[in-house]
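Structure record follows, encoded as structure tokens.
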Amino acid sequence: MDYLFLAVGLGILLLAANYLVDSSVAIAQRANISNFIIGLTIVGMGTSSPELFVSVSSAISGSGDLAMGNVIGSNICNILLILGITAVIAPFPILKQQRKRDIPILIAVSILLIALANDKLIPGITDNCLSRIDGILFLIIFIAYMMWVILQKGKDPQQAIQEADEQAQSSLAGKNVWLLAGIAVLSLAGLIGGGNLFLNSAKNLARAWGMSEAAIAITIVAVGTSLPELITSVVAACKKNPQLALGNVIGSNLFNILFILGISATIKPLHIIDISMVDYLVMLLAAVMLYFIVHTFKKNSFDRIEGAIFLTVYVGYTVFLLLH
């Protein structure tokens, strides 16, 4: 039954996330909030809401490994698997702001996470913990980054409007505002319920398979909660708009570390037991590989050969986890 509950919980998460995004966008548009701000905040957070609710639920229940493993695994999956598949389907250029700003920030944030989450590297400390202070620091960095992006977008309003129009399309536009509010509330309830169902079944399976919570969080839970990004990126690549995939992945990875772990650790400090340094380093390696593809093969472009390399690394890491 745990396999069934895992699938049902994931299905509820994905469906609820979709309706939460659509209803929130429609309500915000009724309130005359700009499409750009909607796309940057509500839509961006909505696509990562499965990771958010799984990690927050894990933090509240005291499962620090699940909360941390979900974020690490999602970030690895987003870069190595999702961008790898996208590049194999349709190679794409890497824009200047992504090369100069977003990718270096992702690398820096990944290094910061490794430093803050591995307290045992300091002599005399016997417990790895992401504390409330660490969580608040992540949230401050997240707010600063969002403000920076908004101010930079303001320099090119036409581009901002165009990108926002692409991001903030709601299938519920034109519906009654009270109906939209009801859908948003039900979607939120679905996210909470689906997240708990998914979390509990994943923990039961981990015990049944003899796997640690960390390993199953980095594999099954992470891939499951990354499905919205995977589906979005593959569809974008098939429609010859793969650039959308890169922005989606970089934004999602920054959101995962800064906002999701920030919120989770602020609510309840995350005590980490089975997440190994290998897992952290693979997450960092993925971000560094993303930076170096700018300078290899076809410059400033993510091509099929590089996509195949990313997929090979992801498969190798997954096999290592399963055999370890």
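The figures here come from the full heavy-atom set of this structure, side chains too, leaving out hydrogens, waters and symmetry mates.
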Step-by-step side-chain hydrogen bond (donor to acceptor under 3.5 Å, both in side chains) determination, N256 to N75: CA-CA 8 Å; N256 285 347; N75 281 17; 2.9 Å; yes
side-chain contact (heavy atoms from CB on, under 4.5 Å) evaluation trace for W148 with I105: CA-CA 12 Å; W148 184 24; I105 288 177; 3.2 Å; yes
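Atom OG1 of T318 and atom OH of Y314 lie 4.0 Å apart (nearest 0.5 Å). To the nearest 0.5 angstrom, I263 atom CD1 is 11.5 Å from L258 atom CG. Residue L6 holds its CG atom at 6.0 Å from CG of L205, rounded to the nearest 0.5 Å. In this structure, CZ on F292 lies 10.5 Å from CG on L285, to the nearest 0.5 angstrom. Taking CG of D2 as the start and CG of L197 as the end, the distance is 9.0 Å to the nearest 0.5 Å. Rounded to the nearest 0.5 Å, atoms CG (L311) and CD (E306) are 12.0 Å apart.
Cluster membership check: L179 shares its hydrophobic cluster with L15, using side-chain heavy-atom separations under 4.5 Å among Ile, Leu, Val, Met, Phe, Trp and Tyr. A continuous path of Ile, Leu, Val, Met, Phe, Trp and Tyr side chains, each step under 4.5 Å between heavy atoms, connects I111 with I250, placing both in one hydrophobic cluster. Criterion: ILVMFWY side-chain heavy atoms under 4.5 Å apart, direct or through other members. Under it, L10 and V8 are not part of a common hydrophobic cluster. Linking Ile, Leu, Val, Met, Phe, Trp and Tyr whenever their side-chain heavy atoms come within less than 4.5 Å puts I12 and M1 in one cluster. No chain of hydrophobic side-chain contacts below 4.5 Å, direct or via other Ile, Leu, Val, Met, Phe, Trp or Tyr residues, connects I257 to I136.
Side chain of N118 to main chain of L121: no donor-acceptor pair is present (N/O by atom type, distance under 3.5 Å, no hydrogens or angles). Side-chain N or O atoms of S61 include one that pairs as donor or acceptor with a backbone N or O of S58 at under 3.5 Å. Judged purely by atom type and a 3.5 angstrom limit, D65 has no side-chain atom pairing as donor or acceptor with the backbone of I272. Counting only distance, with no hydrogens or angles, the side chain of N128 and the backbone of K120 share a donor-acceptor pair below 3.5 Å.
Each of I82, V88, L81 was compared with I85 under the side-chain contact (heavy atoms from CB on, under 4.5 Å) criterion, and only L81 meets it. Each of L116, L130, N70 was evaluated against L261; a single residue qualifies, L130, per the side-chain contact (heavy atoms from CB on, under 4.5 Å) test. Of the candidates V71, I60, V56, S264 forms a side-chain contact (heavy atoms from CB on, under 4.5 Å) with just one, namely V56.
Nearest heavy-atom pair, A59 versus L270, reported as atom, atom and distance to 0.1 Å: CB-CD2, 3.4 Å. Of all heavy-atom pairs spanning I267 and R132, the tightest one is O-NH2, 3.1 Å. Contact between R304 and I89 at its shortest, heavy atoms only, is NH2-O, 3.2 Å. Y317 and I218 get closest at one heavy-atom pair: OH-CG2, 3.4 Å. Scanning all heavy atoms of the two residues, the minimum distance from T266 to G135 falls at OG1-C, 3.5 Å. Considering all non-hydrogen atoms of both residues, N78 and S252 come closest at ND2-OG, 3.3 Å.
Two residues are said to be in side-chain contact when any heavy atoms from C-beta on lie closer than 4.5 Å; M289 and V313 meet this criterion. Put simply, the side chain of M277 reaches to within 4.5 Å of the side chain of I114, judged on heavy atoms. Looking at F138 and L113, their side chains come closer than 4.5 Å, going by heavy atoms from C-beta outward. With contacts defined as side-chain heavy-atom distances shorter than 4.5 Å, the pair I293/I309 does not qualify. No side-chain heavy atom of L66 sits less than 4.5 Å from a side-chain heavy atom of V54. Considering only heavy atoms from C-beta on, V278 comes within 4.5 Å of F320 through its side chain.
Aromatic ring orientation, F255 versus F142: perpendicular (interplanar angle above 60°, classes split at 30° and 60°).
Side chains of D134 and S131: a donor on one and an acceptor on the other come within 3.5 Å. Judged by distance alone, the side chains of D127 and H271 do bring a donor and an acceptor atom under 3.5 Å apart. A donor-acceptor contact closer than 3.5 angstrom links the side chains of Y145 and D102.
Annotation: I133, atom CD1; neighbour count of heavy atoms from other residues, nucleotides and ligands within 6.0 Å does not exceed 12.
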